[in-house]
Amino acid sequence: MIGEINSNLDIAMLVVFALVSLAILTALYRVFKGPTLGDRVVAVDLLGVLAVGFMALYSLVTGESVYLDAAIALALIAFLGTVAFARYYEIDNRRRKARNPGPGASP
Amino acid sequence: MTMLLAVLSPFVLAFLAPALNRVLGDLTPWVLASLPALLFVFFAMMIGPIAEGEIMFATVSWVPSLGVDLAFMVDGLSVTFALLILGIGACVVLYAGGYLHGHPAIGRFFLSLLLFMGAMLGVVLADNLITLFIFWELTSFSSFLLIGFNHESQKSRDAAIQALVITGLGGLAMLGGLILMGRATGTWSISEILAAGDILRDHELYLPIFILVLCGAFTKSAQFPFHFWLPGAMQAPTPVSAYLHSATMVKAGVYLLARLNPALGGTDLWMMTLSIFGGITMLVGSIVSLMKTDMKLVLAGSTIMALGALVMLIGIGTDYALIAMGTFLVAHSLYKGALFMVAGSVDHEAGTREVPILGGLRKLMPITFAAAAIACLSMAGLPPFFGFIGKELIYEAVLGAEWLAALLVVLAVASSVMIFAVGGIVAVRPFFGPEHPDTPKHAHEAPLLMLVGPVLLAALSLVFGLLASPDGANLVDIYLLTPLATAIAGQPMETNLHLWHGFNLPLALTGVTIALGVLTYRTWDRTRAFWQALDPFIFAGCQKWFYEKPLAGLFAFADWLFRNIQSGNLRFYFMAIFGATMLGLAATIGVRMTPADFAFDMPDARFYEWMLCILIVVGALGAAQARNHLTAIITLGIMGYSIALLFVAFGAPDLAMTQFLVETLTVILVALVLIHLPQRVFSPRGISRARDLVLSGLFGAMMTLVMLAALRVDQDLFISEYYAANSVPKAYGTNIVNVILVDFRSVDTFGEIIVLAIAGIGVIAMLKYRARRDEDD
Amino acid sequence: MMRSLILQTFTRLLVTLMLLFSLFLLWRGHNLPGGGFIGALVASAAFALHAIAFGVASARSILRYDPRTLMAWGMIFAGAAGLFGLAAGKPYMTGLWLEIHIGESLLKLGTPLIFDIGVFLTVIGMVVAVIFSLEEEEF
Amino acid sequence: MTTSTGHPILDIIVVALALTGAFFMIVASVGVLRLPDLLLRMHAATKAGALGTGLVLVAVAVYFGEVGMTTRALAGVAFLILTAPVAAHVIGRASYASGVKLWKETRRDELAEYYSTHSPTLVPGSEVRQDPS
């Protein structure tokens, strides 16, 4: 756990954390509300990026450089989920179009 | 050490047998028979010292921690059995060489036969309960191989399975008894147990031990109601019947009872049960032998009768009974072995064993006839053969029995009458009178290999008879009977065998037996239908109720269980698994824990860490009510990511990285799999949804309780301190997690990656199989 | 297979980057967060990406070995790593270390590293095998 | 909690960078929340998100100051800048191909003619007649 608050640097960090948390929660809202699958995937992708920021902040706050490695790893990997979903989405549509050429509505 | 070599040498030779057979060809029987002959001499040399009351011991420690060692003990009882096993074994090996001459799988036959010989030798010499059990099971196993030798025929396969199931289950029960016996007396060594007889007899475990050991003995020695497997075992080639199912293997149960008699015997329960069951088996055996027309089945029936008699004699337990048991045991092994070989020769030469269509073989097979005649006279119990002395002693023992002597006398006389008739059926009918028209082959004398056995054993029946006839201590008494009876009784015995007991009741009974026996033989053709009418009660009935019905019931239950448990519905499996875990946890928590164990104080987390927790909960709820697979996967993805962030919050970057990577790869895999999953959206409605909700809710609550309880436990940090301290000096690494994985506990990791590889191969195989199946249909 | 030019050109660059990063993670595993397992996962993700962008056939070609052989090699490496300890008379799997001084910097080579490589190869083999067999199911 | 970097100016820069980073993250989220259709949301998330996290990473680099950390932070930024557009492209293409409905006020849809005439899905470079690889 992180210790108690003393200098104004800490207060600034807290504000930053608050903003990032707010960002994460709003993105979360989009994941649930998102009418189409695409919206949800975009929101999750954003969440991935915000998570990288979150971890970077952690390394800043705790002074541990180790968290940064985790942040880089995530930065490299996070988008793969999106690519995989996009692939599924496309193949699913290609198949749906092949089956009934009408304007297929995506789930 | 030489003892161990003696017992293990048959096993070694067994595995060499096929190779030897290819190399030596026709010489194989002689070479293979030389080992039992050699061992026969080795044990024969021990008769002298044993006669003076000495008991040979030899121990090689095998599993010291459990106290199990390859301990061997040779006393009167063991040496007699050993000599029987090896003597008749040698004859049977020679006989089999002739009987199966030119058979393609003769190498395999010799392998199983010698395997059995080694196992049987192990049983009779074992001085450790566990070693006894191991060799015991080996005999059942080799008997299975031998009965099912011509495995093409369905009948011999069924017979082999039946024999294995009956003797196997009996053996299992016996193991239970032996273990209880070991615990009651605190030692596995048989000699010590025999000395501790009194402790056992009034030990509260005596009844279970008694029943379980009896199960083993009765199934192995084909006692009523488990006798039906023995005639079935006649599917085996005749040498096997001659060896296993007359002289040695079926006597293992009798041996066990005789061996444990000093420890378990002497109580009323012991004497009552053994006498009654022995008597009934004796009668049933005799009736079975009169029912059948195939020579081997007739002889099988008479073997059941003999086994019953032996068990009955042990049950009676008087001095006379034990001497009678010893004599009859040897006499029976000799003549029964010879008769089975005769039956084999007749079958081999005349092409059939059906007595009604055999006749006049006397002139065609003179030597075989001579052996058959002598053996049958000994079986019928006529002087001066050894069988006569055996039967006289049985009559005296039965007359002197303490319990229901009258009933036992009647049973004994009735059985002897029928066995006298069997003697006629086997030795007189096929050999005398005109040559029967529809005998398939024109018989002529059996080859030399198939003559050595019968002639030798028949001659011994006569020789033993003559040796035992002079009054006062004769050779048979001193060297054979006295040590044998002493071993069975457990205290020194004086045996005084002699042919002529003067005019007394047993002699009168013998006269009656002879008269009725001739009558039964004469009327055999007509009365056979009457005996066969008894079949459903004494034979087929037992087989149905003690084998076919329970087995069918077992299969039906297994089928029912499979249909209900493996319903193929994944949701059912999950429900079963979670439900069971929850019940287990709830039970332990309910019983062991008090609410105090779950007290906890709110953690002083920062608001953004609380936010992560909210993220997890929301993710889980989202996944729960997701409309289709995809949204469910996405929301689970979020949950995974937030858990990883929590790991970061708690200062575990390694863990966080692994979690992210695994999460992403899972998403990729699922996205790939989803293409093949059916599109139907499964969202349960109504009761099933409520049920799932309740179940998962309870499961969650249970897990929380477990977590809280775990928090209260004062972790013994010794291990983590050890790793923290030694991580750098010993393993040159500061990243403790990896150091542990790769250095300290690398064997575990090695195991894990092997498991991973197996899982990988499994998945590939399934997917390839599915792909090919798609192409097929 | 997604025929998107942008994804393909980008994948060529990123796969090399990811493989480098995975080797980097593997190498420093002993002292800093990383290690065989994590490195393998990054590498498998790289191959998965390549399979998505270029299709399984080309992904198998750049892997050059069949995933199952990778698994086999991995297990051989891991098993063999233990033998060194045995050869040195210590119990199986004890780590032996070799210190080489290059200039003033110290290079520490150890048998656990070989074991880690074994883990690395097996995990890659397994994950990639599963992904490729799933990908194979092109319709 | 956060130990200061020793000289106040650096502290101020770090805080400034972090705050602007966080601000842009908020912009990204709000963009995703309020923009009417998928493609608009997508571009907001990619650009603002990458910029926001990039700034935070730079703040971290400034805060630590040593070479190792700075290279890693800059590598992080590089990865972000590399992957964000590709992710956006891929998901945008897939959604457009599957006929996601655009915002009612969209003026021009240059891609429409490629999709309606040629094939349900756009083959890369199909406008330049070249057989697919």
Side-chain angles (χ1 to χ4, degrees), chain A residues 1-5 14 16-18 20-22 24-25 27-29 31-32 34 37 40-41 43-44 47-48 50-52 54-55 57-59 61-62 64-89 91-92 95-96 99 106-107, chain B residues 603-612 614-615 618-619 621-623 625-631 633-638 640-642 644-645 647-677 679 681 734-735:
Chain A
M1 291 306 163
I2 299 151
E4 73 305 324
I5 310 151
L14 274 183
V16 170
F17 262 114
V20 172
S21 311
L22 197 63
I24 289 178
L25 287 177
L28 193 66
Y29 176 71
V31 168
F32 284 98
L37 170 76
R40 291 199 173 92
V41 171
V44 167
L47 269 176
L50 294 179
V52 172
F54 197 87
M55 275 198 278
L57 276 176
Y58 249 93
S59 69
V61 162
T62 56
E64 291 283 344
S65 69
V66 155
Y67 296 131
L68 202 57
D69 300 333
I72 305 168
L74 181 57
L76 204 56
I77 304 297
F79 86 107
L80 272 177
T82 326
V83 171
F85 271 120
R87 176 180 184 281
Y88 163 76
Y89 209 25
I91 291 182
D92 190 54
R95 193 162 41 167
R96 181 164 293 113
R99 220 180 295 118
S106 62
Chain B
D604 57 355
R606 321 293 297 194
F607 66 89
Y608 40 82
E609 277 137 15
W610 282 114
M611 185 271 293
L612 291 180
I614 299 162
L615 220 58
V618 164
L621 287 175
Q625 48 88 23
R627 278 292 157 281
N628 58 40
H629 300 301
L630 258 168
T631 358
I633 303 300
I634 291 178
T635 30
L636 277 180
I638 297 171
Y641 275 23
S642 16
L645 285 178
F647 287 149
V648 169
F650 284 101
D654 254 49
L655 221 50
M657 268 204 299
T658 321
Q659 174 76 10
F660 278 129
L661 285 163
V662 167
E663 202 61 48
T664 319
L665 277 170
T666 325
V667 163
I668 295 177
L669 278 175
V670 164
L672 294 176
V673 165
L674 275 184
I675 298 168
H676 313 294
L677 280 182
Q679 277 309 309
V681 169
T734 51
N735 173 359

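In this text, all values refer to a predicted model and were calculated from it rather than measured experimentally. Chain naming here is simple, since letters A, B, ... match the order of the sequence lines and numbering starts at 1 in each.
Residue contact with chain B, scored on non-hydrogen atoms closer than 4.5 Å, involves the side chain of Val31(A) exclusively. Heavy atoms of Leu25(A) lying under 4.5 Å from chain B belong exclusively to its side chain. Using a 4.5 Å cut-off between heavy atoms, Leu47(A) touches chain B through its side chain atoms alone. Contacts between Ala18(A) and chain B at a heavy-atom distance below 4.5 Å involve backbone atoms as well as side-chain atoms. Leu665(B) does not touch chain A: none of its heavy atoms, backbone or side chain, sits under 4.5 Å away. For Ser642(B), no part lies near chain A; criterion is any non-hydrogen pair under 4.5 Å. Only the side chain of Leu645(B) comes within contact range of chain A, with at least one heavy atom under 4.5 Å from a heavy atom of that chain. In this structure, the portions of Val618(B) lying under 4.5 Å from any heavy atom of chain A include both its backbone and its side chain.
Note that CG of Leu74(A) is 11.5 Å distant from CD of Gln659(B), once rounded to the nearest 0.5 Å. The distance from atom OG1 of Thr635(B) to atom CZ of Arg40(A), rounded to the nearest 0.5 Å, is 8.5 Å. Phe647(B) CZ to Met55(A) CE: the interatomic distance, rounded to the nearest 0.5 Å, is 12.5 Å.
Closest approach of Ala84(A) and Ile668(B) over heavy atoms only: CB-CA, 3.8 Å. Met657(B) and Ala70(A) make their closest contact through CG-CA, 3.6 Å (heavy atoms, listed as atom of the first residue, atom of the second, distance). Nearest heavy atom pair, residue Tyr58(A) against residue Ala649(B), reads OH-CB, 3.2 Å.
Ranking Asp69(A), Ile24(A), Val20(A) against chain B, the residue ahead of the rest is Ile24(A), based on heavy-atom pairs under 4.5 Å.
When side chains are defined from C-beta on, Phe32(A) does not count as touching Thr631(B), because their heavy atoms never get closer than 4.5 Å. Side chains of Ile77(A) and Glu663(B) form no contact here, defined as non-hydrogen atoms less than 4.5 Å apart. The shortest distance between side-chain heavy atoms of Phe54(A) and Val648(B) does not fall below 4.5 Å. In this structure, the side chains of Leu14(A) and Arg606(B) come closer than 4.5 Å at one or more pairs of heavy atoms. Here the side chains of Ile634(B) and Phe85(A) are in contact, with some heavy-atom distance below 4.5 Å.
The aromatic rings of Tyr608(B) and Phe17(A) sit parallel, their planes meeting at an angle under 30°, below the 60° perpendicular limit.
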